Every structure is written in C-alpha cells, then in structure tokens.
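Since we're looking at a predicted model, the values are computed, not measured.
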Amino acid sequence: MVFLAVYMLAAGLSIAVVASVSRQTNEVIQTLSRSHETFSNFVFGEVFEVQKALSAFHELVAPIDEGETLEALKRRVERATSPMINYLPGVINNRQPIIEAMILEDPLGVKLRFAEIGAALGAHEVVLSAMVRGLAGETDRSQAIEKFRDIRRISTEIEKDLAELNHLYSQIYSLLASRINADIEEGQRKVRFLGNLLMVVFGLIVGGAIMFFLYDRRIQRVRERRHEHARQRLQDMVELRRTDLEVAEDRLRLILENIGEGILAVNREGRVLMVNPAAARLLGFETPKLVLGRDAHPFIFGGSEPGDGKPPPDSALSRTLRHGSRVRVEQATFYTVSRLPIEVAYETYPLRREGKISGAVLHFVDLSDWVKRQSQMIQIQKMDALGTLAGGIAHDFNNMLTPILALSQLSLRSVPESDRLHLRLEKIIQAAQRAKDLANRILTFSRQSNLQVSHQPFDISLVVRESVGLLQSTLPSSMTLNVSIHPECGTVLGNASQIQSVLMNLCSNAADAMEGHAGVLTISLKPLSARPRTLTPHPRGGRYAELSVIDNGKGMDENTIKLIFNPFFTTKEVGRGTGLGLSMAHGIIHEHGGDITVESKPGKGSTFRVFLPLMRKERVKSAKLKE
Ligand SMILES: Nc1ncnc2c1ncn2[C@@H]1O[C@H](COP(=O)(O)OP(=O)(O)OP(=O)(O)O)[C@@H](O)[C@H]1O
Ligand SMILES: [Mg+2]
C-alpha cells in the first residue's frame, strides 16, 4: 500500500509539472505572436502610409492639363509633395535601429540594402525638396512644366525605392515570421516532447502502479494459497502425528493393560498418577480408576490410615525421588486396600519433566505365589527328608520290635499269671505295642508324600457331618461341641478320608489344648467366595469351603505358631504326641489345592481354618456323568 501511495504521488507531481511547462510555453508563444503582430503593424503601417502619400503624389503629378494655370500646378505639386517630404525621412531613419535590433543575423544582407535605400530616399528627399522649392519660385509656365516633369521622374524613382523597401520589409517580415514560427514550433515540439515524455513517465507510473497492484494481489493470492497449502500440510502432518500418537498410545495402553506386572506412577507427594489394571488388581481394586489420585504410601509402606505409611527416608521410593536413581528391591511387602500383605519384588524409576524429578514409577511383581510355593517346597523337602529318615528308622525299628513283641507274647503264654514275670512281660508287650504303633504312624507319614491317593469329588458338608458324628463319641464329656454346617457347601475334589483325618487331628489337638477343663469346641463349615487378594491364603480367588475348628483352650505363643506345622514338633509329653498331626494336615490340605491358617493367643484359644477349593457346578456335573 505504501508503494501505491508513492506511485500516486509521483503521478500527481508529473501532471502538475506537465501543466506548468505547457502553460509557460503557451505564454512564450503568445508573447512571440503578439510581437509578430506589433512588428507587422509597425512596418507595414508605415510603408502603407508612404505608399498612400506616394500614390496621392502620383495622382497630383499626373499629366498636365493644357488649361491648367501655373499657380494651380504649383499648388498641386506642393499639396502632393509635402506629405512625402514629411514621411520619407522617418521611413528609414526612425526604423533603422529597430530593424538592426530585430535582425540580429542577416543572411540576406537586408541591413545593407536597407541602409542603401535609406540613403537613396534621403537623397531623393533632398532633391525633391529642392525641386519643389525651384518650382515654387518659377514664373515661366513652360519652365515650370519642365521642373514639374523632373519632380515626376524623381517620384518614380522614390516609388521604385519604396517598392524595394517594401520588398525588403516583406523579406524581413518573412524572415522574422519564419524565425518566430520556428521558435513557436520549437516550443510546441518541446512541449509535445515533454508532454509525451511525462505522459510516458505518467503511463509507466500508472502502469507500474496497476501492475504493482495486480502483482500485489497476485502475490497476495499466491501467498494465501501457499499459506493454505502450508496450513493444510501442517494439519495433515498434525493429523498423521495424532494418528501415530493414538496408535502408539493405544499400543502402550494395550501393553500396560495386558501385562501381568503392576505399574504404578506417583507424583512427588505419592499420589497415584497412573496405574495399570494388574497393579489395581494386585492392590485389591476392581478398576484402575478407583486407585487414581489416592495416596500410594499405605499400599507400599502399610499403615492403617491414609497418610500413615510415610516413606522411610532410605526407602527405594524416597531414594528415587531424591536422587533420581533406579532402585531394585528383591522382596518386600505391599498392602492391599483391605490391608492384607502381598509379597512383591519391585523397582522404582524416576519420572522426569523438564529435567526435574516430578515423580516415580513403581514396577512390581507379585511374589505371593512364589513365596508360598517356596515355603511349601521347604516344608515338603523337610518332610521328605524327615519322612525318608524316619521311615527308614521306623522300618528297622518295626522289624526289631517284631521279635521283641512275638517273643514276649510267646513267653507270656508260658508264664503263670501269678508270677511277677507275667506282669513284667505284659508291660514289655504294651510298650512294644505302643512303639509299633508309633513306628507305623511314622511309616504312614513317610509314605504319604510318595503315596498316590485317589481324588474323587465328594460332598464336603456330608463328610464333615459324618466326622462330627464320630467325634461326639470320642471327645471328652467335659467339652461342649458347637457345630454349624452349611447343608450344601459344595463339592470338593479330593480324598474324603484324608479330610476326615485332618478334622479329627484338629479336634483332638483342640481337646488336648483344653487340658481337661470344660471348654467349647466350635466346628463350622461354610462356603466362601473370595475375590483375588482379598484373603491371604487364596490369591487366585474363587469359591472355597471354609472349615473352622475353634477352641478356647490354652492357645499358643508366636514362636510355637511358627513351628506347629513342622513334622515332629510337639509340646506334648513324651509318648503322648508325635508332632505329626498338623504337618500331615498341612500336606493333605495343600495337596487339595487349599490352605490352612492359624490364629492363636496364649490363654485365648486357637482358631484353625481350612480352605478347600470347591468344584465348579459344571465340572461336578460332567464328573458325575463320567461315573
Ligand atoms: N488347638 C491347639 N491349642 C494349642 N496348641 C495346639 C493346638 N493344636 C496344636 N497345638 C500345638 O501344636 C503342636 C503340634 O501339634 P500336632 O498335632 O502336630 O502334634 P501333637 O498333637 O503334639 O502330636 P500328635 O498329633 O502326633 O498326637 C502341639 O504339640 C501343640 O503344642
Ligand atoms: Mg495332634
């Protein structure tokens, strides 16, 4: 736009200059035309006057009338010559300097000729004056007529000179006229040229402005098209990038959703920024959404209230948040939302934003199964080793006992009852019998791990009810038995007599714990649907039969609890307990895919719980069909 304004200004200036120059040139032309007119008036006016006088003179000095008197002739001459004599000197003398000034260059030699004619006219005027005076003084008519004829001759010469003068004037006039015309033409040509030039300049300027305007619009359009094109390309690129990002994000989301390991991102304050479904599940939530924004510390460090479990300064999370280091923890305990412990291995990574640590990512793996399997393995190995050892000993021991028992029994027959030896032999046989029983139990235990017990579906409610029937007759009468059995608890795949022996063992332990005092034994059986991780013993979740044996006996301290499932661990006096009851129960329940737990406090009684997985109804049906 600025360019356009400059162009328009230049165009305006050009027009003004053209107008001013043409006005000035016109003024010059007009001035020249005026002087031309003045000159022609001046020159020709004078000559015209002289010629007029001369023609009057010629008329007056025309042929003489015979009857004309001398006096009349003299008057005629005087009347005719006096204007001539008046005008003639002025024709030359007065105009001489003007002619000189006007004719600066004299290519035709007009000036000289003009001077010559001037001189001749002057001489004629003198002669004529003398002749007119001579005639005036003449008295003789014939003499006067002679002088009159001389005057006529002179006038003819003056007439010739005037004709030439006239011719000269014409020449000067045409010379001047052509020069003035040339000047005028030159001026007009200059004006035309200047006008044309300015018109060209103006045209160029206007054309340039139009071109510029059109070009500018074209550039504008091209620029707009380019902008549009660039915007389109940018939009395409953004779209492409967005699609790429969406695909990548989708892929990432799929990976995060489908990996079995927990990923949890927290900010510096420990608030959950991101969590994958596996982590949410492990922490006891149904969906990741429920975890977002929560304080993650109680999950990582325990504590009963949110905010309780602040990270210890040397914890992996604190170190990562402080130093940005990546820390690996081989084994630790996390806590579910219902405060149940989960064994995990985890690693912490820093989350950086613009170079600063803005939070941390925890990647954790559930070790519960592994820890459990590990402890089961240890237990199994322990039991295997002890079983093998005890089995070997029990076998030899049994073999050794056989002759002792057989020979003692034989000897007994040959010894009369009155003999003291009879009583002694009886005691030997009793002791050997007990030793044989013990050896057999040890053998049973040692064979158990190798024994392939057949597993069949059985109704757990029925089996427990049967066992309770048996128990009632064997338990001491001082004990009160509370039984609560869900009538249709479900079907367990396993060995019913093994489960029965587990229940018998638990109940006989409970009875022992009463130590002869009146106590209450509670047996309950109920179904239980557990979500994964909500209950420690069964991480997989599902339906279980929960069999509880609760007594209000002497209870156990923590150290005892740790040992009770070990084979041969007993607190009972020698000969009363083998310490195999609970270790066998543990083995049996785990073989059934279940679990056994204990809660006890000294003086407060004990609660043993057995969890046995229940078969799904469809599987029970198909198993029955097979039968
Ligand atoms: N209900 C209970 N109350 C208190 N202590 C118990 C109870 N059940 C078991 N115990 C403790 O656990 C130990 C181990 O029990 P376990 O059944 O394995 O062996 P035992 O009962 O001593 O011997 P066995 O069962 O071979 O006769 C017991 O000696 C006892 O100290
Ligand atoms: Mg026992």
Ring geometry between F565 and F608 (parallel below 30°, tilted from 30 to 60°, perpendicular above 60°)
perpendicular

To the nearest 0.5 Å, how far apart are [atom1] in [X] and [atom2] in [Y]?
X    : Y    : atom1 : atom2 : result
T336 : R281 : OG1   : CZ    : 14.5 Å
I263 : I255 : CD1   : CD1   : 10.5 Å
M584 : T578 : CE    : OG1   : 8.5 Å
L214 : Q220 : CG    : CD    : 13.0 Å
L351 : L273 : CG    : CG    : 7.0 Å
R543 : T491 : CZ    : OG1   : 9.0 Å

Can you list every ring-ring contact (aromatic ring centres under 6.0 Å, His included) pair that touches residues 496-518, not counting sequence neighbours?
none

Using atom types as modelled, flag every donor-acceptor pair under 3.5 Å from a side chain in residues 480-487 to any protein atom, sequence neighbours excluded.
unit_1, atom_1, unit_2, atom_2, d
H486, ND1, E488, N, 3.2
H486, ND1, E488, O, 3.4

Under the 3.5 angstrom rule, does the side chain of [X] hit a backbone N or O of [Y] as a donor-acceptor pair?
X    : Y    : answer
N566 : F569 : no
T320 : A360 : no
S600 : G605 : yes
R294 : L290 : yes
R268 : L321 : yes
N276 : G260 : no

By ring pair (Phe, Tyr, Trp, His ring centres under 6.0 Å), which residues pair with [X], not counting sequence neighbours?
X    : result
H363 : none
Y346 : F334
H323 : none
F285 : F299

Working note: R271 + D295, criterion side chain to side chain contact (heavy atoms under 4.5 Å, CB included); need CA distance, chi angles, decisive distance, verdict.
CA-CA 5 Å; R271 294 268 159 207; D295 182 7; 3.8 Å; yes

Assess the residue pair T597 and F611 against the criterion (side chain to side chain contact (heavy atoms under 4.5 Å, CB included)); give the C-alpha distance rounded to whole Å, side-chain angles, the decisive distance to 0.1 Å, and a yes or no.
CA-CA 8 Å; T597 65; F611 298 92; 4.0 Å; yes

From CA spacing to verdict: side chain to side chain contact (heavy atoms under 4.5 Å, CB included), M556, I564
CA-CA 10 Å; M556 291 172 276; I564 55 171; 3.6 Å; yes

Check this for me: R226, atom CZ, are more than 12 non-hydrogen atoms of other residues, nucleotides or ligands nearer than 6.0 Å?
no

R253, CZ atom: more than 12 neighbouring heavy atoms under 6.0 Å
yes

Provide the closest heavy-atom pair for [X] versus [Y] in the form atom of the first, atom of the second, distance.
X    : Y    : answer
Q500 : V463 : NE2-O, 3.9 Å
A279 : F364 : CB-CZ, 3.6 Å
D595 : I589 : N-CG2, 3.2 Å
C489 : I460 : CB-CG2, 3.8 Å
H297 : E269 : CE1-O, 3.4 Å
G490 : D459 : O-OD1, 3.6 Å

Once side chain to side chain contact (heavy atoms under 4.5 Å, CB included) is applied, do any residues pair with [X], and if so which ones, sequence neighbours excluded?
X    : value
S318 : P311, S315, R322
N559 : D557, K562
L401 : F397, I404, A432, A435, K436
E558 : none

Side chains of [X] and [Y]: does their closest heavy-atom pair fall under 4.5 Å?
X    : Y    : answer
E343 : T333 : yes
V344 : L282 : no
V620 : P457 : no
R339 : P298 : yes
D551 : V520 : no
E546 : L612 : no
H592 : I499 : yes
I342 : Y335 : no

Could you go through residues 501-511 and list every donor-acceptor pair under 3.5 Å that involves a side-chain atom there, pairing it with any protein atom two or more places apart or in another chain?
unit_1, atom_1, unit_2, atom_2, d
S501, OG, Q498, O, 2.8
N505, ND2, S501, O, 3.4
S508, OG, N505, O, 3.1
N509, OD1, K572, NZ, 3.2

Should S606 and E599 be marked as a side chain to side chain donor-acceptor pair (under 3.5 Å) after you check the CA-CA gap, both sets of side-chain angles, and the distance that decides it?
CA-CA 6 Å; S606 311; E599 283 164 42; over 6 Å; no

Stepwise, does the side chain to side chain contact (heavy atoms under 4.5 Å, CB included) test hold for L264 with V272?
CA-CA 7 Å; L264 182 82; V272 177; 3.8 Å; yes

What pairs with R242 under salt bridge (Lys or Arg N to Asp or Glu O under 4.0 Å), at least two apart in sequence or on another chain?
E239, E246

Under the criterion side-chain hydrogen bond (donor to acceptor under 3.5 Å, both in side chains), which of H227, H229, E228 is the partner of R231?
E228

